[in-house]
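From a predicted model like this one, the values you see are computed outputs, not experimental measurements. Chain identifiers are assigned alphabetically (A, B, ...) following the order of the sequence lines, protein sequences preceding nucleic acid strands; residue numbering begins at 1 within each chain.
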Amino acid sequence: MTTNTPPLVKVEGLKMYFPVSSSIMRQANSFIHAVDDIFFEIPGGKSLALVGESGCGKTTTGKLLTRLYKPTAGRILLRDNGNLVDLVTLKGKNLKRFRRHVQMIFQDPYESLNPRLTIFDTVAEPLVVQNIGTLQEREKRVVALLEKVGLTPAGSFLFRYPHELSGGQRQRVAIARALVVEPHFIVADEPTSMLDVSIRTGVMTLMMDLAKDMGLSYLYITHDLAVARYTSHEIAVMYMGKIVERGETEAMLSDPLHPYTQALISAVPIPDPSIRRPPPPIRGGISRPIDPLPRCRFYDRCPKQHAACEKEPPMVQVDGRQVMCWLHA
Amino acid sequence: MEDQPLLSIRNLTLEYKTRKGYVSAVDGVSFDLMAGQAMGLVGESGCGKTTIAMALMRLSPENAIVRQGQILLDGQDILKFSDQQIHDVRWSRISMVFQAAMNALNPVYRVGDQIIEALDRHQDGMSAAKKQERVGELFQLVGIDPKMISRYPHEFSGGMRQRAVIAMALACNPSLIIADEPTTALDVIVQDQVLRELSRIQKDLHMSMIYISHDIAVIAEVADIIGVMYAGCLVEKASTRTIFQSPRHRYTEALLSAFPSIAGPKTELYALPGDPPDLLTPPYGCRFHPRCMYATERCKFEKPPLEQLEYAHWVACWNPVEGKIHL
């Protein structure tokens, strides 16, 4: 895992607290710890899947990395010409310039495309915003990209509107739009969860092929571990704002170390009727991390809970895996 | 098991009238369901699975037109029932667990009262105390603390709401429950709990069940038999094991190899080319032919009938996958 070149993305102690305010006049004294002190890095050309249940903080993390939110604390370092730049400190012109390098693909291709813009205008918009190229150059680039994302012949798509396209085609347009400024890093928030199986595989394969061709890295946000398996080199599991385990995809799926990862993996339905899964080892339901107690976040639901768990567990290394659990500390 | 099926759908053909024309949503679907059997209906969005569910409940939208076919419940065609007759059948003999549990409950009434409302309709003779008791029983059956009876829907978590909707569907002891994407909005751990509960109740009470889902892994875990739908047609029907071990329709085969799994070796996923057809102008012949690698001239012009290729294995394909020898 350790390489000589610095990672493309490095996140250190990232926190995002949202106030739970009781009224406009009063200062909030409770906070939702949506993202609470997380660390990870993504090497160039590799992808990390951020996996967890709804409300675990995975989308918030994605929005922090694209600076749609400004974090409460922490650093987000992005490699730019060999140097690491902290995105959190960027403002104005520099922030806009950085957006060339980091793009986002959203979940719902029906909501994320402007219905009044043609496909050409949609895909070319980032170029206009960043003031790149002449009209002819932009058109050339858009056509090349549409072909690349499988919308062929590109000419027949240029002047159509989103409502004329199917869900899978729309998501391909969204991918083209993200790629048009030649970013190094893409945050993809559930990019295939709205698509049907027969369409989903095509879009997933396309994203992986593009990553290989263009040396892209993804932060692939998904609730579906099977999708994570096919899209990412590493998986990070989030639970109530914390990354509780991170490691190489296949190793994690075959031998999860954290009790929450174990529960999560054992709850995934398997498309093979000859396999009978035992019920996942977990109790109770998920709650919101409002001013959580300084102990393991999984304390209430963990089947292996013991006295040490009353304190916050440290992140430890176990065989190249990072785990936040007292069983391994 | 009795020979007479509980439910028998015969050649059901249904269209939606829209401003642009007629949408051929269900085209000649036939299948039988025995008492106590759990059937899974899988397919992608727009393939007609929910349309069939709504037709079974006689809750189709107003622009739906049944062109032909019968829906026989214990031998009686419910499509011919009067409004009064269907009122008597709905909830007490066929009931439904809806897709969006968040919206299936009325936010301004207590959850317990909403279930009592269903009881009021069908069990007039029951005393108020008896009804309360029944709701308590139902809550226990689906795994909700009976103390929650007088709470409002917003006080329930997503999984709890789905359980409450299941309790409501069970209230009048129906012999058939249709569960339309019962766990699609739920997280994977809660989904697992709800599915286990639903499957256990179905077996304990010896009910028939139709699970509708786009997720073939969910269906694999709860259904005894599976019907695969594509673009309004039932293309294959067999036992769950057979569908997974030896699919014969080309679409089923493609669907299975497109589905990622976390278990077993990481196999290459197959991406089906193209998009499902627009049902305003469905393709001639086999509706799958424009996306099928094995399509021949015949597939373009002649619709393949659903035929029994092996015992209890029905397939509608002119060039089916070679059958595997079962050991």
Side-chain angles (χ1 to χ4, degrees), chain A residues 51-56 150 165-169 192 194-206 208 223-231 235 249-250 252-254 256 260 263-287 301, chain B residues 40 42-47 157-160 183 185-193 195-196 213-224 226 230 239-245 251 254-276 278 291:
Chain A
V51 175
E53 297 177 274
S54 20
C56 73
L165 307 187
S166 68
Q169 290 172 332
T192 58
M194 297 281 290
L195 305 175
D196 272 316
V197 194
S198 77
I199 308 299
R200 184 173 71 182
T201 315
V203 173
M204 259 160 60
T205 316
L206 170 72
M208 297 311 106
H223 67 281
D224 188 336
L225 278 160
V227 168
R229 183 186 194 189
Y230 278 88
T231 53
I235 292 182
T249 302
E250 288 300 313
M252 242 176 56
L253 291 176
S254 58
Y260 177 66
L264 197 62
I265 288 175
S266 65
V268 178
I270 293 168
D272 181 351
S274 60
I275 297 173
R276 282 274 161 255
R277 293 180 300 112
I282 194 165
R283 305 183 298 203
I286 203 161
S287 52
R301 306 180 69 191
Chain B
V42 283
E44 301 176 84
S45 30
C47 73
S157 67
M160 286 297 181
T183 59
L186 303 177
D187 274 314
V188 59
I189 291 172
V190 185
Q191 161 173 289
D192 182 87
Q193 294 164 346
L195 282 178
R196 277 176 202 277
S213 181
H214 67 286
D215 188 337
I216 202 156
V218 163
I219 294 293
E221 298 205 330
V222 292
D224 308 320
I226 291 182
Y230 182 78
S239 75
T240 301
R241 236 162 230 268
T242 307
I243 288 281
F244 278 88
Q245 284 170 358
Y251 174 67
L255 195 65
L256 290 173
S257 52
F259 207 90
S261 171
I262 62 162
K266 187 173 162 182
T267 52
E268 183 110 3
L269 295 183
Y270 171 69
L272 204 58
D275 285 299
D278 182 353
R291 301 176 78 188

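- Contact annotation for B:Thr183: neither backbone nor side-chain heavy atoms come within less than 4.5 Å of a heavy atom of chain A.
- For A:Ser274, the parts lying near chain B are the backbone and the side chain together; criterion is any non-hydrogen pair under 4.5 Å.
- When all heavy atoms of B:Val188 and A:Ala267 are compared, the closest pair comes out as CG2-O, 3.3 Å.
- Interatomic distance, B:Gln193 CD to A:Ile282 CD1, rounded to the nearest 0.5 Å: 7.5 Å.
- Atom CG of residue A:Asp272 and atom OG1 of residue B:Thr240 lie 11.5 Å apart, to the nearest 0.5 angstrom.
- Using a 4.5 Å cut-off between heavy atoms, B:Arg196 contacts chain A through its side chain alone, with no backbone atom that close.
- Pairing each heavy atom of A:Pro271 with each of B:Ile216, the nearest pair is CB-CG2, 4.4 Å.
- Listed by first and then second residue, the side-chain hydrogen bond (donor to acceptor under 3.5 Å, both in side chains) pairs involving residues 276-286 of chain A are A:Arg277-B:Asp192, A:Arg277-B:Glu221 (not counting sequence neighbours).
- Using a 4.5 Å heavy-atom threshold, the side chains of A:Thr201 and B:Tyr270 count as separate.
- Neither the backbone nor the side chain of B:Ala254 comes within contact range of chain A; no heavy atom of the residue lies under 4.5 Å from a heavy atom of that chain.
- For the pair B:Pro260/A:Arg200, a side-chain contact is recorded, criterion being any heavy-atom separation below 4.5 Å from C-beta on.
- In this structure, A:Asp196 and B:Glu44 approach most closely via the heavy-atom pair CB-OE1, 3.0 Å.
- In this structure, the side chain of B:Asp187 engages the main chain of A:Ser54 through a donor-acceptor pair within 3.5 Å.
- For A:Arg229, the salt bridge (charged side-chain N to carboxylate O under 4.0 Å, His left out) partners are A:Glu250, not counting sequence neighbours.
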